[in-house]
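Small disclaimer: the values here were computed from a predicted structure and weren't measured. Protein chains get the first letters and strands the later ones, always in sequence-line order, with residue 1 at the start of each. Side chains included, hydrogens not; waters and symmetry mates left out as well; all remaining heavy atoms used.
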Amino acid sequence: MSPLEYIWAGVMAVIAGPAAFEIFGIGIPLTVLMVFGGFLLGVVGGATPGLAGPFLMAVSLPILLSIFGFTPDALLPVMGFLVGVMKGATVGGAVPAILFNTPGTPDAMMTTLDGYPMAQKGQAGKALRTAHFASVSGDTFSDLVLFTCAPFLAVIVEAYLGFGEKAALIVLSMAFIAAVVGASPLKGMIAAFLGLLIASIGTGEDFYARLSFGTDALADGVPMITAVMGVLILGEVLVAFENMWRQRRSNAVVKEPAQSGDNRLSWTERKALMPFIGISAVVGTIIGALPGIGSTLAATLGYATGDKMHKGPVKFGQGTPEGIAATEAANSAVSGSNLIPVLSLGIPGNVGAVFIILAAESIGGFNPGPTVFRFTASEVNPELVIAFGLFTAMMIANIFNWVIGGRIMAACGIMSKIPSHVLLPMVLLLTLTAIYAQETSFTAIYFALAFAVLGYLLRKLRIPTLPFVIAFILAGNLEHSFRQAFAVSGGDPWFLFKSPLSLVFLLLSAAVVIFFSRSKTPEAGRRAATERDL
Amino acid sequence: MLSRRIEIWLAIFFAVLAGLTAFVWAPLDSETAAIYEFRRQISIGDAMLPMVAGGGILLFSVAHLFLQLRRRRDADEDPLFDRTTLFFFVTFGGVLALSLILMFWAGPLALALFGPSGDDAATYRQMRSSLPWKYIGFVLGGFTLVFGLTSLIEGRVRWLRAVSSILAVLGLILIFDVPFDTILLPPNGDF
């Protein structure tokens with residue numbers, strides 16, 4: 001098959017795939033329906049403070065796996081749904097930021113700076129329209145970069161990297177994520193190696209399950225989805241519970257200002273926003289392509305760049321649409337390019353990508369990484385068809401976002417009023433139920449609670465959780481690459497340092513950790529501390 | 001960054017844990033060593049990954065310890081864990097434990113007390129897909145969890161919260177159980 005035929009096969013796998021139901025004899029494709037469902041859930045969840053895209057993806061995944069099973073036919077509907085959630089949550093996060101000065105997701109923090117003052121001036125409608133327009137523009141741009149770059153990067157990786165180089169590349173990615181997430185790279189590295197250690201429990205190639213103390217409970221290893229949800233979601237829930245317990249804050253009634261200002265967003269105004277959106281989209285796309293750097297940093301940089309460009313009468317921070325556009329375009333542009341390391345290298349760069357990888361690994365038949373992009377002519381590479389199907393699902397999500405995203409956003413304002421202390425216990429029960437639905441054993445709930453305590457402790461001790469989770473997921477690949485590279489080298493103990501490329505990767509790993517370990521200025525330290533990984 | 005004293009203790013803790021893992025636990029609790037020879041072929045054994053992981057933690061915790069020792073002394077911040085934390089975990093753990101016990105045992109107990117007897121007697125496994133037995137544990141345990149934690153955080157009991165908790169549990173039943181035959185609500189998969 002030629003590359004164009006592969007692209008077409010991917011498109012057809014989505015739009016001409018299995019139909020969910022028929023309307024007047026026309027089949028509604030299941031994947032398209034799932035993308036729509038995910039998008040809807042994402043916007044509503046993103047608009048609800050306390051929920052976020054990764055959480056929604058986490059609780060959806062076990063349900064989706066139970067519905068669709070573990071056959072390759074499940075890949076596109078499941079991943080389409082997750083992609084829809086990811087994109088929906090990005091736009092939804094702006095709703096409470098604008099209406100109530102409460103960011104629905106951490107990356108919408110900067111949106112509050114101009115969005116809330118605009119709402120106070122009676123221009124909430126205009127602010128929401130600006131956020132939607134900027135967000136969907138940035139997202140679409142980022143997706144186009146993903147579609148163009150990921151295949152080329154993957155082909156290069158596959159052509160030039162052997163097992164040793166791939167192992168060194170995984171080490172470099174882990175070092176980079178550990179170094180840039182959180183305030184202390186050394187603690188990030190400790191978290192990453194802790195992830196490797198826990199992933200090695202009950203796994204390995206021998207008959208005896210290593211590090212199991214000979215017990216049956218540990219012999220099967222640590223369930224991946226349970227551990228990830230425990231650390232990322234339940235750990236966060238525990239911290240939030242404790243904070244609320246301490247504060248016992250009153251359930252203050254939120255007053256809404258009357259919306260009497262100019263709430264339209266004309267084409268002329270949209271045109272005027274384009275330079276801010278364009279620059280921020282580029283900033284967000286570059287930041288997103290680097291593993292581990294969250295959308296919060298992209299939003300901050302986009303906002304700062306926009307501030308420098310802005311010459312209007314209303315300054316940034318006082319309620320100007322340009323401020324919202326600069327922020328939203330940057331944080332939304334992260335979501336597409338974040339998948340570049342996943343699809344081209346098999347390395348998840350952020351929490352959202354973690355769940356895409358988990359879905360692919362759980363279902364099977366699609367292993368994100370350089371091998372996906374093999375344009376074999378003699379026989380069909382089904383993984384490549386799935387990859388182009390995934391790209392198609394992303395574009396369909398963008399179309400939904402362009403067409404109806406703004407209206408759904410406007411309708412979601414009510415979600416922002418749900419108090420956290422009411423929502424979080426429901427989130428806890430929902431998460432435990434989702435974990436049980438996947439594992440059908442109370443043991444999984446105990447595992448999840450144990451990892452919740454671990455996640456809680458990591459957060460309290462200011463040890464970043466993302467390096468832990470990513471190392472936990474990549475441990476299997478890393479060990480496999482190590483074993484293969486060692487075997488190929490004929491048992492050479494210096495196998496990792498033989499190739500110049502792997503040596504470069506390892507030296508870069510050390511350099512990244514040392515560079516980011518230098519003492520920071522107080523301001524930079526604070527900025528790093530605000531860079532959350534969920 | 002936490003206070004210097006806490007960071008030092010944290011580094012020491014990880015260094016000790018890592019040392020024990022890399023040099024005691026991993027080699028002793030794995031079938032093959034880090035490197036082993038089998039039929040004249042040298043291979044990486046199962047002990048390698050945990051030893052590398054332990055070694056990595058050891059290396060970086062020692063480096064962290066070294067940097068913290070060089071750091072200027074600072075005033076200790078508020079303790080990370082205090083009596084409030086302990087009280088929170090005891091209360092939270094109590095509500096959670098009660099909820100999970102109810103969730104696990106309420107269904108089988110209700111069946112034993114009120115279920116068919118005599119020739120029609122059935123085990124919970126036989127009845128785990130039948131109404132009302134399959135929902136009893138989830139509804140009671142789930143309600144206790146949501147309502148208990150909400151009331152705990154609010155510091156008072158409100159009827160409105162009881163209603164919202166019931167609605168949340170019913171919502172989860174509608175999401176997970178009603179549309180799908182293949183999904184089991186807790187604790188039905190354990191029986």
Are there more than 12 heavy atoms of other residues, nucleotides or ligands under 6.0 Å from atom CZ of Phe23(B)? no
For the atom pair CZ (Phe176(B)) and CD1 (Ile67(A)), what is the distance rounded to the nearest 0.5 Å? 9.5 Å
Looking only at Gly491(A), Ser200(A), Gly214(A), the option with the highest number of non-hydrogen pairs under 4.5 Å against chain B is Ser200(A)
Toward chain B, the part of Ala434(A) with a non-hydrogen atom under 4.5 Å: both
Chain A interface, residue from Gly171(B), Ser164(B), Pro50(B) that has the most non-hydrogen pairs under 4.5 Å: Pro50(B)
Using a 4.5 angstrom heavy-atom cutoff, name the option from Leu428(A), Thr443(A), Ile201(A), Thr203(A) with the most pairs to chain B. Leu428(A)
Could you check whether Thr32(B) and Arg210(A), counting side-chain N and O atoms only, form a donor-acceptor pair closer than 3.5 Å? no
What's the separation between atom NE2 in His421(A) and atom CD in Glu154(B), rounded to the nearest 0.5 Å? 3.5 Å
Would you mind reporting whether Arg462(A) and Glu7(B) have side-chain heavy atoms less than 4.5 Å apart? no
Answer with side chain, backbone, both or neither: which region of Glu37(B) has an atom nearer than 4.5 Å to a non-hydrogen atom of chain A? neither
Applying a strict 4.5 Å limit to non-hydrogen atoms, the region of Ile57(B) in contact with chain A is both
Determine the minimum heavy-atom distance between Glu31(B) and Tyr208(A), stating which atoms define it. OE1-N, 2.7 Å
Chain B contact via Tyr456(A) - side chain, backbone, both or neither, heavy atoms under 4.5 Å: side chain
Thr84(B) versus chain A, the contacting section by heavy-atom distance below 4.5 Å: both
Contact winner vs chain B - Asp206(A), Leu197(A), Leu430(A), heavy-atom pairs under 4.5 Å: Asp206(A)
Side chain from CB out, backbone as N, CA, C, O: work out which of these in Leu58(B) comes under 4.5 Å of a heavy atom of chain A, or both, or neither. neither
Side chain, backbone, both or neither of Leu96(B) within contact of chain A (heavy atoms, under 4.5 Å): side chain
Of the backbone (N, CA, C, O) and the side chain (C-beta and beyond), which part of Ile35(B) lies under 4.5 Å from a heavy atom of chain A, both, or neither? side chain
Less than 4.5 Å apart, side chain to side chain, heavy atoms only: is that true for Glu242(A) and Phe92(B)? no
Atom CZ of Arg483(A) and atom CG of Asp46(B): how far apart are they, to the nearest 0.5 Å? 5.0 Å
With a 4.5 angstrom heavy-atom cut-off, could you sort out which part of Leu457(A) is near chain B: side chain, backbone, both or neither? side chain
Minimum heavy-atom separation for Phe241(A) to Ile153(B), with atom names? CD2-CD1, 3.0 Å
For chain B, find which of Ile463(A), Leu432(A), Leu211(A) contributes the most heavy-atom pairs closer than 4.5 angstrom. Leu211(A)
At what distance, to the nearest 0.5 angstrom, does CG of Leu2(B) lie from NZ of Lys460(A)? 10.0 Å
If you count heavy-atom pairs under 4.5 Å with chain A, which of Leu149(B), Thr150(B), Ile42(B) comes out on top? Thr150(B)
Got Phe193(A) and Thr21(B) here, is their nearest side-chain heavy-atom distance under 4.5 Å? no
Tell me, side chain or backbone of Phe147(B) under 4.5 Å from chain A's heavy atoms, or both, or neither? neither
Turns out that what part of Phe88(B) lies under 4.5 Å from chain A's heavy atoms comes down to both
Would you give the length of the straight line joining atom CG of Leu184(B) to atom OG1 of Thr433(A), rounded to the nearest 0.5 angstrom? 12.5 Å
In Å and rounded to the nearest 0.5 Å, what is the CG to CG distance from Leu186(A) to Leu65(B)? 11.0 Å
In short, Pro186(B) meets Phe442(A) closest at the heavy-atom pair CB-CE1, 3.9 Å
Less than 4.5 Å to any heavy atom of chain A: does that hold for the side chain of Asp177(B), its backbone, both, or neither? neither
In terms of heavy-atom proximity below 4.5 Å to chain B, should Ile198(A) be classed as side chain, backbone, both, or neither? neither
Do Leu449(A) and Leu100(B) come within less than 4.5 Å of each other through their side chains, counting heavy atoms only? yes
Can you say whether Leu185(B) sits under 4.5 Å from chain A via the side chain, the backbone, both, or neither, judging by heavy atoms? both
